[in-house]
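Numbering of residues begins at 1 and proceeds along the displayed sequence.
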Amino acid sequence: MVTMPLPPPRPQPLETFQLGTFVLPRLFTGLWQLSSNSWGSAPAAKVRRQMGRYVENGYTAFDMADHYGPAEILFGEFRERRTQLERAFGATKWCVFRQVAPTREVVEVAIQDRLNRMKTQRIDLLQFHWQNYADPGYFTALQHLQDLQHEGKISLIGLCNFDSERTDEICEALGPGSVVSNQVQFSLVDIRPLYGMAEVCRKHNLKLLTYGSLCGGFLSDTWLGKEEPDLYSGALTPSQRKYLDMIVKAWGSWALFQSLLMVLRSIADKYEGMSIANIATRWVLDYPFVGAVIIGARMGVSEHTDDNRKVYGFRLSAEDRAAIDGVLSQSNGARLIETIGDCGAEYR
């Protein structure tokens with residue numbers, strides 16, 4: 001008798017959300033690691049090939065920025081050479097970190113640079129960051145972005161690291177549907193979007209695109225049962241140094257973080273084949289104001305598409321969330337809105 005091998009498990013069906021006229025996956029691929037060799041590096045051709053594998057597996061949305069090294073260029077080259085029908089969605093940013101007079105010419109030059117680098121006639125999603133709230137020029141800049149949108153150079157306008165107050169003001173000033181998203185940090189450790197931003201999203205039908213949802217990889221099985229790493233160790237990535245600092249200095253302690261990882265592992269054990277990272281991601285996705293979680297990818301260096309896709313196959317139960325809340329209630333998470341400030345305050 002010949003024993004037939006069992007068929008491979010079927011991949012979980014794609015989970016999507018509506019952003020403007022686009023229907024997008026609830027997991028975006030973040031390309032910020034391309035901004036530095038600290039995360040590893042790979043030849044451009046290898047990066048483009050891996051982008052192709054991501055799209056073929058349903059990860060069709062990519063997040064980048066004007067300051068993410070060659071990310072826009074590589075994405076543009078990838079999309080230009082692609083012959084398959086499935087189109088990749090490109091979200092990029094124009095980030096104003098220094099004092100600038102946002103004239104029409106200044107804004108148009110910045111957007112044309114994005115268009116040129118991405119080899120496209122229209123940006124799918126342009127996310128705008130303005131560093132200095134004391135300078136109200138961001139309203140003028142956004143009005144020029146709206147004009148360029150009406151001229152066909154931008155499909156959708158979003159924000160990046162704006163706080164609740166300014167996001168509300170901007171949405172009120174520009175009108176319904178003018179701004180579709182805000183990209184902010186949101187995780188089991190950083191729950192600031194629950195205080196203010198969630199209500200702004202509901203009021204203006206805004207979706208959050210969240211980053212840092214895995215705390216640079218600390219919210220994973222890799223760190224379960226491990227000693228607290230040296231903050232200044234050369235073995236940590238820039239993201240890990242940032243999130244470790246938040247975990248042990250603002251959120252709580254490494255011991256409490258280990259308690260959180262143990263609870264997440266016990267929940268993951270209830271669902272076949274799940275990881276700590278899957279549970280941490282699902283916790284964020286279960287909030288209705290979240291459109292997508294952006295998961296950073298070291299393109300050409302490592303790949304986690306099979307593991308990440310598991311988040312589509314389940315929802316956390318009330319019991320799961322209660323167990324998680326039991327740890328979070330012992331942390332300073334609810335006070336970060338006061339000690340750090342609202343979303344994006346850590347960059348200002």
Side-chain angles (χ1 to χ4, degrees), residues 15-17 19 24-33 39 54 59 61-65 91 127 158 160-161 181-195 197-198 201 206-224 237-247 250-252 257 260-261 263-265 267-268 274-298 302 304-305 307-316 320-321 324-325 327-328 331 333 336-337 340 342-344 346-347:
E15 192 173 326
T16 61
F17 75 108
L19 194 67
L24 301 171
R26 296 197 71 200
L27 292 180
F28 276 33
T29 301
L31 301 180
W32 61 79
Q33 284 89 340
W39 284 279
Y54 269 63
Y59 299 93
F62 294 81
D63 178 74
M64 61 210 85
Q127 301 163 100
C160 180
N161 284 320
S181 63
N182 189 16
Q183 185 174 145
V184 298
Q185 189 167 287
F186 186 30
S187 71
L188 284 160
V189 169
D190 186 355
I191 61 173
R192 288 176 296 165
L194 298 178
Y195 302 91
M197 189 61 71
C201 289
L206 206 68
K207 291 296 185 182
L208 295 188
L209 305 179
T210 72
Y211 64 90
S213 298
L214 297 179
C215 292
F218 279 118
L219 284 166
S220 70
D221 289 280
T222 302
W223 291 97
L224 178 62
T237 67
S239 289
Q240 287 175 329
R241 286 194 291 273
K242 168 189 170 182
Y243 292 113
L244 178 61
D245 189 64
M246 172 174 272
I247 290 167
W251 179 79
F257 185 70
L260 176 60
L261 292 182
V263 167
L264 297 178
R265 184 61 258 168
I267 294 171
M274 294 298 164
S275 66
I276 286 175
N278 294 151
I279 304 303
T281 303
R282 189 70 250 176
W283 184 88
V284 175
L285 286 174
D286 279 347
Y287 283 97
F289 55 84
V290 172
V293 168
I294 305 169
I295 298 181
R298 296 193 292 169
S302 64
H304 303 282
T305 53
D307 183 64
N308 292 337
R309 195 182 180 97
K310 294 174 186 174
V311 303
Y312 292 145
F314 74 108
R315 296 289 187 278
L316 295 179
D320 297 334
R321 300 187 75 86
I324 292 170
D325 288 344
V327 179
L328 299 189
S331 76
L336 294 181
I337 193 77
I340 296 178
D342 203 351
C343 299
E346 63 271 31
Y347 301 112

Classify the ring geometry of Phe257 against Phe218: parallel below 30°, tilted from 30° to 60°, perpendicular beyond 60°.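 Phe257 and Phe218: perpendicular rings.
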Does one side chain, of Asp190 or Ser187, offer a donor that lies under 3.5 Å from an acceptor on the other?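 Their side chains do not contain a donor-acceptor pair, so the 3.5 Å distance test is not met.
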Donor + acceptor pair across side chains of Lys242, Gln185 (<3.5 Å):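 Checked: Lys242/Gln185 side chains pair up, N/O donor to acceptor below 3.5 Å.
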Thinking salt bridges, do [X] and [Y] make one under a 4.0 Å N-O criterion?
X      : Y      : result
Glu346 : Arg192 : yes
Asp221 : Arg265 : yes
Asp286 : Arg282 : yes

What are the two closest heavy atoms between [X] and [Y], and how far apart are they?
X      : Y      : result
Thr29  : Ala297 : CG2-CB, 3.6 Å
Leu27  : Ala292 : N-CB, 4.3 Å
Trp32  : Ile294 : CZ3-CG2, 3.6 Å
Val189 : Leu336 : O-CD1, 3.4 Å
Met246 : Ile340 : CE-CD1, 3.5 Å
Phe17  : Pro25  : CE2-O, 3.5 Å

Can you check side-chain contact (heavy atoms from CB on, under 4.5 Å) on Leu31 and Asp63, steps first, answer last? CA-CA 6 Å; Leu31 301 180; Asp63 178 74; over 6 Å; no
State, with a plain yes or no, whether a side-chain heavy atom of Trp251 is found less than 4.5 Å away from one of Leu260.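 Side-chain contact under 4.5 Å: yes.
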Report yes if some heavy atom in the side chain of Ser181 is under 4.5 Å from a heavy atom in the side chain of Leu206; otherwise report no.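 Ser181 vs Leu206: side chains apart.
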Check whether any side-chain N or O of Tyr59 sits under 3.5 Å from a backbone N or O of Arg309 as a donor-acceptor pair, and report yes or no.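 Side chain of Tyr59 to backbone of Arg309, a donor-acceptor pair under 3.5 Å: yes, one is there.
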May I ask you to decide if Asp307's main-chain N or O and Asn278's side chain share a donor-acceptor pair within less than 3.5 Å?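 Side chain of Asn278 to backbone of Asp307, a donor-acceptor pair under 3.5 Å: yes, one is there.
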Might you work through the side-chain contact (heavy atoms from CB on, under 4.5 Å) test for Ile279 and Leu316, ending with a clear yes or no? CA-CA 8 Å; Ile279 304 303; Leu316 295 179; 4.0 Å; yes
Pairing residues for Asp245 by the salt bridge (Lys or Arg N to Asp or Glu O under 4.0 Å) criterion, not counting sequence neighbours: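 Salt bridge (Lys or Arg N to Asp or Glu O under 4.0 Å) list for Asp245, sorted by chain: Lys249.
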Please list, chain by chain and in numerical order, all residues satisfying ring-ring contact (aromatic ring centres under 6.0 Å, His included) with Tyr287, sequence neighbours excluded.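 Expected list: Phe186, Trp283, Phe289.
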Identified side chain to side chain contact (heavy atoms under 4.5 Å, CB included) counterpart of Thr281 within the set Ile276, Leu219, Leu214: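 Of the listed residues Ile276, Leu219, Leu214, the side chain to side chain contact (heavy atoms under 4.5 Å, CB included) partner of Thr281 is Leu214.
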Could you go step by step and tell me if Tyr211 and Asn161 meet the side chain to side chain donor-acceptor pair (under 3.5 Å) rule? CA-CA 10 Å; Tyr211 64 90; Asn161 284 320; 2.8 Å; yes
